[in-house]
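Written below as structure tokens is the structure these notes are about.
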Amino acid sequence: MLTINQIREQSPFVIERLKIKNFDATEIVQHVLDLDRRRREMQAESDSIQAELNTLSREIGAMMKEGRRDEADAARQGIGTRKEKQKQLADTLEAVSAEMQAELVRLPNLPHALVPPGKSAEDNMIIRSGGVIPDLYAGALPHWDLIKKYDIIDFDLGIKITGAGFPVYKGKGAKLQRSLINFFLDEGEKAGYREVEPPIVVNEDSGFGTGQLPDKEGQMYHVGIDNLYMIPTAEVPITNIYRDVILDAAVLPVRNMGYTPCFRREAGSWGAHVRGLNRLHQFDKVEIVQIAHPGNSYESLEEMVSHVENLLVKLELPYRIVRLCGGDMSFTSAMTYDFEVWSAAQQRWLEVSSTSNFEAFQANRLKCRFREKGAKQTTLCHTLNGSALALPRIVAALLENNQTPEGITIPAALVPYTGFGMIS
RNA sequence: GGAGAAAUGGCAGAGUGGUCGAUUGCGGCGGUCUUGAAAACCGUUGUCCGGGCGACUGGACCGGGGGUUCGAAUCCCUCUUUCUCCGCCA
């Protein structure tokens, strides 16, 4: 969420910027400012009554010690009404603060100045593209047919075991998964990321910290009996490592990555374009996360973008990088690059990575701060993350783009991992 | 799952109703001394929310939440977590 300070100090700017996200913040900002003013007034009053009470208590303590019982009893007289008033004030103060918090949480992050305006994916800005779009032979198949032809991914089995959207990877299909994961992790390690293996179920605090709760509650699988959530992305546990942490400025940027399965309910989002591997309830992903100094966070973003791009180059996939327009960006992001690969049989671009700078938006919720050497003040870090990469659509594109009448060829970079160069 | 013990500042560890944001040690930072370093000595050292241009100042925080009391780190309730023993188990 945005900080109250920023809203207090530059509310017209906040309102103006959010228009890029097609969000009219006028009312919320006004309401927040109003609540903030009331909150501060009440706290001043509450604090001063509390100060009086504290003094009185101390005096009574001294009297008791000296055995002046009568005086102590007398001093006790005025306390009841003050306590009552203080209690009332404190309760209202808490209610006002909670309301302010609830309002603050409704405001999306401010988009960066370079974010183009726009309503939908149509308005995204293509930054660059690479790779060669293949010419498929006549009779080339979409991946949902290829996986059956070569018996490497089985949706029906998944339906039997769990339900739709939980495929079973078999044989070379399973090996391909494992190879991609290892390849991504190895490349990440070369790029300076520390590998972590986090829990894949998280508590409410973590869900709130990265912004999945409360807004996107319905997107996560909830383990009701223990009130835990299955992660929709490794971003949640990996970023939450830094919840309630004060870092030394010298350690920034911190680079972590992890492979996890990801779980998404995708309620209500099924349609014509989500056949096969295009959208699943469970999928594998390697995620990279950086905690950066606010002064350098866009360098971190660029670094992450080149890392992801490098992966696509090594996989020899035709890709393009787009900077999302305001209307297509997520609630929490200040700047997002999407990576799309060309799916030759489907004749469309598939999103395989979304790499974002959240600036201080998540950090404010997480209370992830840093301190300059020798400084007394703490400052919010910037947090960033990106998929590097999400597997299913990569697999879809690899299968479709690399199909030949003899079988599916494996890109050279992967062969050391798979141990085979062809699925046939 | 059953029984018991515990949770205090970066760490270790005092504190069982009163001036305690908290003794002390270690660590960190600054200084004295030294050619330099070590040792020794002196000082300093948490976070958050308010007020003030500022010096400074009010409030909160001893695992979380609630309660008793004029007053709670200390007493009571509850939740969470950790440790020990037993049971079960990859």
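Throughout, a chain's letter reflects where its sequence line sits, starting with A, and its residues are numbered from 1. Only heavy atoms go into these numbers, but all of them, side chains included; no hydrogens, no water, no symmetry mates.
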Test: A:Glu45 and A:Lys85 ion pair at under 4.0 Å: yes
May I ask you to decide whether A:Lys148 forms a salt bridge with A:Asp145, counting only side-chain N to carboxylate O separations under 4.0 Å? no
Enumerate the residue pairs fulfilling ring pair (Phe, Tyr, Trp, His ring centres under 6.0 Å) with a member in residues 70-92 of chain A, sequence neighbours excluded, ordered by first and then second residue. none
Sort and list the pairs that fulfil ring pair (Phe, Tyr, Trp, His ring centres under 6.0 Å) and have at least one residue in residues 41-66 of chain A, not counting sequence neighbours. none
Looking at every strand, decide which applies to [X] at a 4.0 Å heavy-atom threshold: base, sugar-phosphate, or nothing.
{"X": "A:Arg8", "value": "sugar-phosphate"}
{"X": "A:Thr378", "value": "sugar-phosphate"}
{"X": "A:Arg76", "value": "base"}
{"X": "A:Asp73", "value": "nothing"}
{"X": "A:Gln43", "value": "base"}
{"X": "A:Ala75", "value": "nothing"}

Side-chain donor-acceptor contacts of residues 18-30 of chain A below 3.5 Å, not counting sequence neighbours, with atom names and distances?
from: A:Lys19; atom 1: NZ; to: A:Glu16; atom 2: OE1; distance (Å): 3.4
from: A:Lys21; atom 1: NZ; to: A:Asn109; atom 2: O; distance (Å): 3.1
from: A:Lys21; atom 1: NZ; to: A:Ser330; atom 2: O; distance (Å): 2.9
from: A:Lys21; atom 1: NZ; to: A:Phe331; atom 2: O; distance (Å): 3.2
from: A:Lys21; atom 1: NZ; to: A:Ser333; atom 2: O; distance (Å): 2.8
from: A:Asn22; atom 1: ND2; to: A:Gly118; atom 2: O; distance (Å): 3.1
from: A:Asp24; atom 1: OD1; to: A:Thr26; atom 2: N; distance (Å): 3.1
from: A:Asp24; atom 1: OD1; to: A:Thr26; atom 2: OG1; distance (Å): 2.5

Using the heavy-atom set of chain A and a strict 4.0 Å cut-off, write down the first and last nucleotide of RNA chain B that makes it in, 5' to 3'. B:G18 to B:G71
If I pick the [atom1] atom on [M] and the same atom on [N], what distance separates them, to the nearest angstrom?
{"N": "B:G21", "M": "B:U16", "atom1": "P", "value": "16 Å"}
{"N": "B:A5", "M": "B:A55", "atom1": "C1'", "value": "50 Å"}
{"N": "B:G66", "M": "B:U74", "atom1": "P", "value": "14 Å"}
{"N": "B:C83", "M": "B:U69", "atom1": "P", "value": "38 Å"}
{"N": "B:G25", "M": "B:G67", "atom1": "C1'", "value": "36 Å"}
{"N": "B:U34", "M": "B:G50", "atom1": "P", "value": "49 Å"}
{"N": "B:U35", "M": "B:C29", "atom1": "P", "value": "24 Å"}
{"N": "B:A6", "M": "B:G63", "atom1": "P", "value": "14 Å"}

Counting Watson-Crick and G-U wobble pairs whose two distances are both under 3.5 Å, find the runs of 3 or more in a row that involve RNA chain B. B:1-7 with B:80-86, B:10-12 with B:24-26, B:27-32 with B:40-45, B:46-51 with B:56-61, B:63-67 with B:75-79
Residue list, side chain to side chain contact (heavy atoms under 4.5 Å, CB included) with [X], at least two apart or on another chain:
{"X": "A:Ala102", "result": "none"}
{"X": "A:Gln43", "result": "A:Asp47, A:Leu93"}
{"X": "A:Ala121", "result": "A:Asn124, A:Asp328"}
{"X": "A:Gln10", "result": "A:Gln6, A:Phe13"}

Residues of residues 358-372 of chain A with any non-hydrogen atom less than 4.0 angstrom from an atom of RNA chain B: list those, numerically ordered, please. A:Arg369, A:Arg371
Please compare A:Lys376 and A:Asp36 by the position of their nearest nucleotide in RNA chain B and report the one closer to 5'. A:Lys376
Identify, between A:Leu56 and A:Ser48, the residue whose nearest nucleotide on RNA chain B lies closer to the 5' end. A:Ser48
Residue pairs passing the salt bridge (Lys or Arg N to Asp or Glu O under 4.0 Å) test with at least one member in residues 245-261 of chain A, sequence neighbours excluded, are A:Arg255-A:Glu303
Please list, one pair per line, the donor and acceptor atoms closer than 3.5 Å that link side chains of residues 390-400 of chain A to other protein atoms, with sequence neighbours excluded.
from: A:Arg393; atom 1: NE; to: A:Asn278; atom 2: O; distance (Å): 2.8
from: A:Arg393; atom 1: NH1; to: A:Glu351; atom 2: O; distance (Å): 2.7
from: A:Arg393; atom 1: NH2; to: A:Asn278; atom 2: O; distance (Å): 2.8
from: A:Glu400; atom 1: OE1; to: A:Ser343; atom 2: OG; distance (Å): 2.4
from: A:Glu400; atom 1: OE1; to: A:Ala345; atom 2: N; distance (Å): 3.1
from: A:Glu400; atom 1: OE1; to: A:Gln346; atom 2: N; distance (Å): 3.2
from: A:Glu400; atom 1: OE2; to: A:His143; atom 2: N; distance (Å): 2.9
from: A:Glu400; atom 1: OE2; to: A:His143; atom 2: ND1; distance (Å): 2.8
from: A:Glu400; atom 1: OE2; to: A:Gln346; atom 2: NE2; distance (Å): 3.3

Give the ring-plane orientation class for A:Tyr221 versus A:His281, where under 30° counts as parallel, over 60° as perpendicular and anything between as tilted. perpendicular
